[in-house]
Amino acid sequence: TKGIYDHFMQKEIFEQDTVLERTLLPALKNGLVNEAALGDNAAELLKDIEHVHIVACGTSYHAGMVASYTLESLCGVTCKVELASEYRYRRVVVKPKTLFVTLSQSGETADTLAALRFAKRQPYQATLAICNVPESSLVRESQLVFLTQAGPEIGVASTKAFTTQLMNMSLLAVLLARYQGLSQHRELALIDMLRRAPEQVRRVYSLDNQIAELAEGIAERNYALFLGRGQMYPIAMEGALKLKEITYMSAEAYAAGELKHGPLALVDSQVPVVALAPYNPLLAKMKSNLAEVRARGGQLIVIADEGAGYRDGTSERVLTVPKSGGLISPIVYTLPLQLLAYHAALYRGTNVDQPRNLAKSVTVE
Ligand code: M6R
């Protein structure tokens, strides 16, 4: 049931602190990633992996995109992320020591399942499913399984399944990094960072009223642009998807560096631009992108870390979220975007839990 909440989506957003913890803890042993959480023979299958192919649809695909940044930077393995509907119909080149990963909440998405069956005929070293439903086809048919513990997700718009996928992908990256020589000391520090995720998420909950106000401004428009760099680019894509799914507004996400390559032409005083600007080495670049939006009179909503020095301006609102480290900032920045879409849908009076034309699980092509 929805309990004290008005919608399942709202309930599921506010469960994320709990389900993140529930996903993380059983995957640890003595403060380190417990490889047995992925299967009895996980160590043997994963220890010399050099390449990773990730395949998924929709929100799960965005989780894969976020992970590709971590996999390459932390583990030094090459990583390719692809939509299942594209992957399944092309000739793929599989190098030795490649791991095939599917991401899926339901484990029954037709394209993802077909992609796995196709992958099993290719020379992958192993297949791994990151999934939320233990009895699903995807889980049954994969060699290794790393379950998310999000519990049943009822809202068609995926929320808690996504952030728990991000958690498991981070744990997988840490494990692969260990096999590539990451020190135990560094692994403990990374896990410590992941342990802070539930608390950081709870701190974003307290911004709910402020986010509802921002959503009112967005809900009056018909289009919104989301910008991010690095891992925040797929998070921007996820924010745009949430908004279009439940408000029927048109929304797009761009890597901020692409602004001048086209989308800047759309920006005027009628266009809300949601910019994800965490404190990281890309911040200076992000700031110059925001100056371009400002110069065209765009309605900026900047989501930034506490203490990053952003201030509200005439046509600019700043939402500050807790300062978080690299592995968890994608989780922390997802929360305000989910809430933004949720409140915008309330203003527009759309069906939050069951958007028109969409099904929770896409079991046919
Ligand atoms: O069950 P899956 O994770 O495989 O589903 C994939 C997509 O259908 C799903 O994420 C969809 O995009 C959501 N409705 C997004 O909120």
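Atoms within each ligand, like the ligands themselves, are counted from 1 in listed order.
Atoms of ligand 1 lying under 4.0 Å from at least one heavy atom of Ser60, given by number and element, are 2 (P), 3 (O), 10 (O). Applying the 4.0 Å criterion to heavy atoms of Ala157 picks out, from ligand 1, the atoms 16 (O). When each atom of ligand 1 is checked for a heavy atom of Ser158 under 4.0 Å away, the hits are 15 (C), 16 (O). Atoms of ligand 1 lying under 4.0 Å from at least one heavy atom of Gln105, given by number and element, are 1 (O), 2 (P), 3 (O), 4 (O). Which parts of ligand 1 touch Lys242 is read off a 4.0 Å heavy-atom cut-off, strictly below it: atoms 15 (C), 16 (O).
Cluster note: Val133 groups with no other residue, as no ILVMFWY side-chain heavy atom lies under 4.5 Å from it.
If you look at Phe100 and Tyr87, their ring centroids are closer than 6.0 Å.
When each of Glu12, Gln165, Glu15, Glu153 is checked for a side-chain hydrogen bond (donor to acceptor under 3.5 Å, both in side chains) with Lys160, only Glu15 meets the rule. The side chain to side chain contact (heavy atoms under 4.5 Å, CB included) test with Leu227 is passed by exactly one of Val293, Val274, Leu300: Val293.
Residue contacts with ligand 1, taken as heavy atom pairs separated by less than 4.0 Å, do not involve Lys360 at all. By the criterion of a heavy-atom distance under 4.0 Å, both the backbone and the side chain of Thr59 are placed next to ligand 1. Of all the heavy atoms of Glu108, none lies under 4.0 Å from any atom of ligand 1, so neither backbone nor side chain is involved.
Nearest to atom 13 (C) of ligand 1 among the protein's heavy atoms is Glu245 OE2, 3.4 Å. Protein heavy atom nearest atom 8 (O) of ligand 1, with residue, atom name and distance: Val362 CG2, 4.0 Å. Atom 5 (O) of ligand 1 has its closest protein heavy atom at Thr109 OG1, 3.5 Å. Scanning the protein heavy atoms around atom 1 (O) of ligand 1, the nearest turns out to be Ser106 OG, 2.7 Å.
Geometrically, ligand 1 and Gln165 share no nitrogen or oxygen pair separated by less than 3.5 Å.
For the residues Cys57, Gly58, Ala84, the heavy atom positioned nearest atom 12 (O) of ligand 1 is part of Gly58.
Between Glu199 and Arg203 there is no salt bridge, since no side-chain nitrogen of the basic residue lies less than 4.0 Å from a carboxylate oxygen of the acidic one. Between Arg178 and Glu35 there is a salt bridge, since a side-chain N of the basic residue sits under 4.0 Å from a carboxylate O of the acidic one. Between Lys260 and Glu292 there is a salt bridge, since at least one side-chain N of the basic residue sits less than 4.0 Å from a carboxylate O of the acidic one.
Side-chain atoms of Gln231 and Thr70 form a donor-acceptor pair, as typed in the model, at a separation below 3.5 Å. Of the N and O atoms on the side chains of Tyr223 and Glu252, at least one donor lies less than 3.5 Å from an acceptor on the other residue.
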